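For clarity, every value in this text was computed on a predicted model and none was experimentally measured. Residue numbers start at 1 and run along the sequence shown.
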Amino acid sequence: MSPTLDAVVHDAAEVFVGPNDDGTGPETVEDGAVAIADGRVVAVGPTDAVTREHPPENAVAAVDASGGTVLPGFVDSHTHALFAGDRSDEFAAKLRGATYADILAEGGGILRTVRAVREASDEALLRGLLDRLDTVLATGTTTLEVKSGYGLDTETELRMLAVLAAADARHPVDVVPTFMGAHAVPESDETDAYVEAVVTEQLPAVAEQGVAEFCDVFCEEGVFSVAQSRRILEAGVEHGLVPKVHAEELTHQGGAALAAELGAVSADHLLHATREDARVLAETDVTAVLLPGTAFSLGAEYADPARFREAGATVAVASDFNPNCYAPSMPFAVTLACVGMGMAPDEAVLAATNGGASALDRADRGTLREGALGDCVVLAAPSHVHVPYRFGDTPVAAVLKEGVVVRD
Ligand code: NIG
Ligand code: FE
């Protein structure tokens with residue numbers, strides 16, 4: 001069967017293809033086009049050349065991107081987007097000076113969302129997540145990692161992961177599931193006993209159902225120590241789950257070094273990471289996932305991208321969309337990466353696309369090179385600089401998922 005020409009996006013002022021060959025910046029094409037067949041990019045380059053070989057009139061969808069920009073779909077590699085309840089009052093409390101740790105210690109924060117998730121029906125959880133997937137798609141996210149971790153018992157963790165699978169099957173956004181039973185210690189438990197429950201009960205059940213790809217832990221003072229995190233992540237590896245680590249978020253604990261030691265796919269947050277941490281992450285090929293929305297919402301100091309850039313580490317920017325950081329928009333994360341963390345627009349857009357793909361071990365996306373998935377965002381604006389520039393008003397004209405226009 002000859003391939004179906006799904007879409008030709010043509011006459012864009014700029015196509016932001018992805019990293020250039022030597023990884024020193026982006027490759028962009030002026031007056032460019034992208035052709036997608038059978039869900040994959042089959043040609044990218046100047047409009048004349050692409051449309052000569054792949055005439056838009058032969059495509060299921062011809063997308064006129066005149067004056068606009070075409071980018072790879074955003075790959076949001078760190079979220080806790082499956083939740084229930086309302087924690088807006090904690091936002092107000094933080095503005096009055098309460099810290100994240102104060103709120104957590106008083107049974108608020110994560111533990112409050114745990115109570116709400118345990119009480120919510122599967123249907124309500126799914127409805128909430130599908131609404132949020134619509135929201136993220138509207139600002140160009142085509143792949144969204146989502147963590148469990150608001151169940152903290154086997155039954156609810158499995159329910160969360162089942163909801164992620166159901167949402168993935170029903171919605172065009174790809175949902176990548178991460179098991180995070182080690183997100184907090186439930187009120188009723190003592191930490192070591194809970195670690196054992198994660199290792200001996202939760203992990204085997206999750207692995208048996210094959211419902212998660214990654215295993216994440218919150219390695220933080222007062223939550224899980226490095227030793228406890230190691231125990232959980234090593235058990236995860238035995239069950240075929242690839243490690244991720246919430247590392248050096250509120251304090252420096254050694255989670256980044258642990259991520260390197262265990263061959264994690266990413267170390268995330270890293271607000272308090274040192275130069276040495278950046279060096280070992282680079283050396284072991286662990287992607288550094290920076291989450292400027294979290295620092296913004298906590299009023300904390302941002303992670304320092306220069307540290308990771310100088311060390312030669314792969315950097316991703318993600319949203320950390322969760323009830324404590326109600327920030328679903330990747331373009332807004334890119335704005336914060338630029339304005340708050342000092343990244344250049346091209347660097348931040350690469351981190352939000354290609355970097356995100358690295359943090360999820362998905363070499364098939366985050367770029368518009370031939371062979372990549374036909375996931376792209378068309379902006380009604382002339383360059384990628386408009387992603388961070390126009391914060392609060394992302395001019396998304398269309399989103400394509402595997403060559404299908406899923407939003408316009
Ligand atoms: O990545 N650090 C831990 N987890 C989340 C917060 C989740 C929550 O507050 O509900 C984070 O910031
Ligand atoms: Fe997180």
Side-chain angles (χ1 to χ4, degrees), residues 77-83 87 90 99-114 117 145-153 156-157 160-161 177-187 189-199 202-203 206 212 214-236 241-259 262 264-273 277 286 288-291 293-295 297-298 300 303 318-325 359:
S77 59
H78 183 135
T79 84
H80 308 253
L82 174 53
F83 54 80
R87 282 167 48 196
E90 293 177 8
T99 66
Y100 185 80
D102 294 339
I103 291 169
L104 193 63
E106 282 162 17
I110 295 173
L111 295 176
R112 188 162 163 213
T113 304
V114 169
V117 167
E145 185 261 11
V146 186
K147 301 173 202 299
S148 67
Y150 291 125
L152 309 186
D153 60 35
T156 321
E157 288 293 310
M160 287 189 76
L161 292 165
T178 296
F179 166 63
M180 198 174 179
H183 193 194
V185 182
E187 275 149 311
D189 285 28
E190 178 273 323
T191 308
D192 277 326
Y194 183 65
V195 169
E196 285 317 296
V198 171
V199 169
Q202 296 184 18
L203 265 170
V206 167
F214 302 104
C215 178
D216 200 342
V217 298
F218 190 10
C219 182
E220 184 58 66
E221 189 172 52
V223 194
F224 298 99
S225 67
V226 169
Q228 290 162 336
S229 301
R230 182 186 287 110
R231 167 109 175 95
I232 290 164
L233 295 173
E234 281 179 344
L241 300 184
V242 177
K244 282 181 167 282
V245 187
H246 279 61
E248 337 300 4
E249 178 182 354
L250 306 171
T251 55
H252 188 276
Q253 294 293 313
L258 179 68
L262 298 180
V265 71
S266 69
D268 302 40
H269 284 290
L270 301 169
L271 274 62
H272 298 273
D277 291 330
V286 178
V289 179
L290 308 184
L291 304 159
T294 317
S297 79
L298 292 173
S319 72
D320 199 18
F321 182 16
N322 75 68
N324 180 58
C325 171

### Message
Using side-chain heavy atoms (C-beta onward) and a distance below 4.5 Å, is Glu249 in contact with His246?
### Response
yes

### Query
Any donor and acceptor pair, going by atom type alone, linking the side chain of Tyr194 with main-chain N or O of Gly181 inside 3.5 Å?
yes

### Query
Does a donor on one side chain and an acceptor on the other come within less than 3.5 Å for Glu157 and Ser148?
yes

### Query
Is there a donor-acceptor pair closer than 3.5 Å between any side-chain N or O of Ser266 and the backbone N or O of Asp268?
no

### Sub-4.5 Å side-chain heavy-atom contact between Asp277 and Leu270
no

### Message
Quick check for you: to the nearest 0.5 Å, what is the distance between Ile110 atom CD1 and Tyr150 atom OH?
### Response
6.0 Å

### Query
Do the side chains of Glu220 and Glu248 get nearer than 4.5 Å, heavy atoms only?
no

### Message
Is it the case that the side chain of His183 and the backbone of Gly149 share a donor-acceptor pair, with hydrogens and angles ignored and the cut-off at 3.5 Å?
### Response
yes

### Pairs touching residues 104-114 that satisfy salt bridge (charged side-chain N to carboxylate O under 4.0 Å, His left out), sequence neighbours left out
Asp89-Arg112, Glu90-Arg112

### Task
Could you list the residues that satisfy salt bridge (charged side-chain N to carboxylate O under 4.0 Å, His left out) with Asp216, not counting sequence neighbours?
Lys147

### Task
With the side chain counted from C-beta on, respond yes when Cys215 and Leu233 share a heavy-atom pair under 4.5 Å apart, and no when they do not.
yes

#### Entry: Short side-chain to backbone donor-acceptor contact, Ser297 and Asn324, under 3.5 Å
yes

### Query
What about the rings of His80 and Phe321, do their centers lie closer together than 6.0 Å?
no

#### Entry: Lys/Arg N to Asp/Glu carboxylate O, Glu196 vs Arg231, below 4.0 Å
yes

### Query
Is the side chain of Glu221 donor-acceptor paired with the backbone N or O of Gln253 at a distance under 3.5 Å, no angle test?
no

### Query
Would you say the side chain of Asn322 lies within less than 4.5 Å of the side chain of Thr79, judging by non-hydrogen atoms?
no

